[in-house]
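Quick note on labels: first sequence line is chain A, next is B, and so on, each numbered from 1. Quantities reported herein were computed from a predicted structural model and do not represent experimental measurements.
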Protein chains: 2
Amino acid sequence: MFRLSKAAEYAIRGVLYLSGKEDTVKPTGIEEIATAQGVPPAYLAKLFQTLGKKGFVRSVRGHDGGFVLTKTPSEISFLDIIEAVEGPIFLNDCLINEGYCANDSVCPVHDVWGEAQKRLLGFFSSCNFKELSESGLKKRKKLKSKS
Amino acid sequence: MFRLSKAAEYAIRGVLYLSGKEDTVKPTGIEEIATAQGVPPAYLAKLFQTLGKKGFVRSVRGHDGGFVLTKTPSEISFLDIIEAVEGPIFLNDCLINEGYCANDSVCPVHDVWGEAQKRLLGFFSSCNFKELSESGLKKRKKLKSKS
DNA sequence: TTATTCAGGACATAAAAGGTCTTTTATATC
DNA sequence: GATATAAAAGACCTTTTATGTCCTGAATAA
Ligand code: SF4
Ligand code: SF4
C-alpha cells in the first residue's frame, strides 16, 4: 500500500514533542508524551524502547523517570527516526544489494526504483527536528492570528 | 515497511514487455508475458484484468487472444501502472484530504509527508515506458559488449 | 521500602499481500 | 456447429505485517 507505518508517525511525533521542550535535562514520561500527541501509550512505549536502543533517546527509570533526547533536535533527521523504528528503507528488494535479483544488470525498472529511493531518502534525511519544531510553532501562530 | 508491492512490480514488468514488442496489433497471451518475465501467470492475469478495467490494455478472448496496449508506451507512466494496481498513493492518511486529521492545520509533520509525496509522485509520473524500454535495450547492449 | 517508571517479551487481533482455482464467457478455426 | 483456446469474474487460501495489549521484572528517586 506504500504507506508510512503508524509506528513511524508516532515515533516522529514523540520525538517532535521532546524537541519542543525547553528543559532538555528533566526526563519526560511516556504517558505525558502519549497524551500530548494522542497516541496509544503502550505502543509508544515500545517505540521509545527501540529509539533508546538506537541511541536517539536516553531513558531514566523509576520515580520522575522518562525519556530525554541524546542529541540536539537539529542533529536528528526524519530518516533517522523512520529507519530506527521500521528498519532500513528499501523501495524494492533488489535495492538491498547488487545481485539480489539476478536480472538487475539488464532490468531498466531497477534503476527507476533506485533513483526514486535515492531521492526519497535524500529528502527525509534533509528534514531535522529543529526545523520541524519551529515550523510547528509558525503554523500555530498563523492559525491563531486568523481566528 | 514502505515497499513497493509485487503487484506493482509484476504489472510494470508486464507492461514493459508489451512495450518492447514491435507488433502492436497482435495480442500477446498472458502465459507468454508471465514466462518471459518470470512471474506467476495466474497472478499476472489478475493484474492485467485490472489494467484492462483501467483502460491501459485491451483484451481479446478466445483463440490467439491476449492483451494489447491501448496507448503508445511513451504515453504510459510508471505512476499510471502503480496506481492502477494498488490504488492511489498516499504516504499518510492525512494526505487523503484536508481535515482528515483534525491536527493538520498545526502539524508540521503533515507538510513533510505532503512534500515527500509530491516529489515521489512527480518522479514516478515522469517515467514512461518508451524511455524504460529503450533504457532496457541499452543496458542489455552494454552487458553484451562487456562479456 | 515503597511508589513509580521503563525494559523485555509474550500474546492477540486485524488487515494486507500474494497467490490459486474453478466456472463462465467470448472468439477463432475446423 | 463443435471444439479448442484464452480471458473474466469471483471465491478461496496462506503467510506476513501492522498495530496493539499485558504482565513480570528491574531500576530509581523520595
Ligand atoms: S526491478 Fe528489475 S531488478 Fe529489481 S527485482 Fe524487479 S526485475 Fe529484478
Ligand atoms: S502527520 Fe500530522 S496531520 Fe498527518 S496524521 Fe500525523 S498528526 Fe495528523
Please give me every residue in residues 15-41 of chain B whose heavy atoms get under 4.0 Å of an atom in DNA chain D, ordered by residue number. B:Gly29, B:Ile30

Does a distance-only test, which skips hydrogens and angles, find a donor-acceptor pair under 3.5 Å between the side chain of B:Lys46 and the base of C:dG18? no

Within-4.5 Å side-chain heavy-atom neighbours: B:Thr72 and B:Lys130: no

C:dA16 C1' sits how many Å from B:Phe2 CZ, rounded? 17 Å

In the structure I gave you, are the side-chain heavy atoms of A:Val15 and A:Leu51 within less than 4.5 Å of one another anywhere? yes

With side chain to side chain donor-acceptor pair (under 3.5 Å) as the test, would you mind laying out the steps for A:Asn128 and A:Glu75 before giving the verdict? CA-CA 7 Å; A:Asn128 69 67; A:Glu75 287 171 341; over 6 Å; no

At 4.0 Å (heavy atoms only), tell me whether B:Phe48 reaches a base, stays on the sugar-phosphate, or touches nothing. nothing

Using atom OH of B:Tyr43 as one end and atom C1' of C:dG18 as the other, report the distance to the nearest whole Å. 4 Å

When rounded to whole Å, the CG to P distance for the pair B:Asp64 and C:dC30 reads 10 Å

Compare side-chain N and O positions of A:Gln49 against OP1 and OP2 of C:dG8 and report whether any pair is under 4.0 Å apart. yes

Would you say a side-chain N or O of B:Ser59 is under 4.0 Å from OP1 or OP2 of D:dA8? yes

Rounded off to whole Å, could you give me the CZ-to-P distance for the B:Arg3 and D:dT16 pair? 14 Å

Geometric class of the A:Phe129/A:Phe78 ring pair [parallel <30°, tilted 30-60°, perpendicular >60°]: parallel

Go through the structure and list residues passing ring-ring contact (aromatic ring centres under 6.0 Å, His included) with A:Phe56, not counting sequence neighbours. none

Over all atoms of both residues, closest heavy-atom pair of B:Val106 and B:Pro108: O-CD, 3.3 Å

Taking only the side-chain nitrogens and oxygens of A:Tyr10, find out if one of them lies under 4.0 Å from OP1 or OP2 of D:dG20. yes

In terms of relative ring orientation, are A:Trp113 and B:Phe124 parallel, tilted or perpendicular, with 30° and 60° separating the classes? perpendicular

Shortest side-chain distance from B:Ala42, nucleotide among C:dT20, C:dA7, D:dG20: C:dT20

Would you kindly check whether a donor in the side chain of A:Lys53 faces an acceptor in the base of C:dG8, or vice versa, at under 3.5 angstrom? no

Side chain of A:Arg61 (C-beta onward), nearest among D:dA27, C:dT20, D:dG20: D:dA27

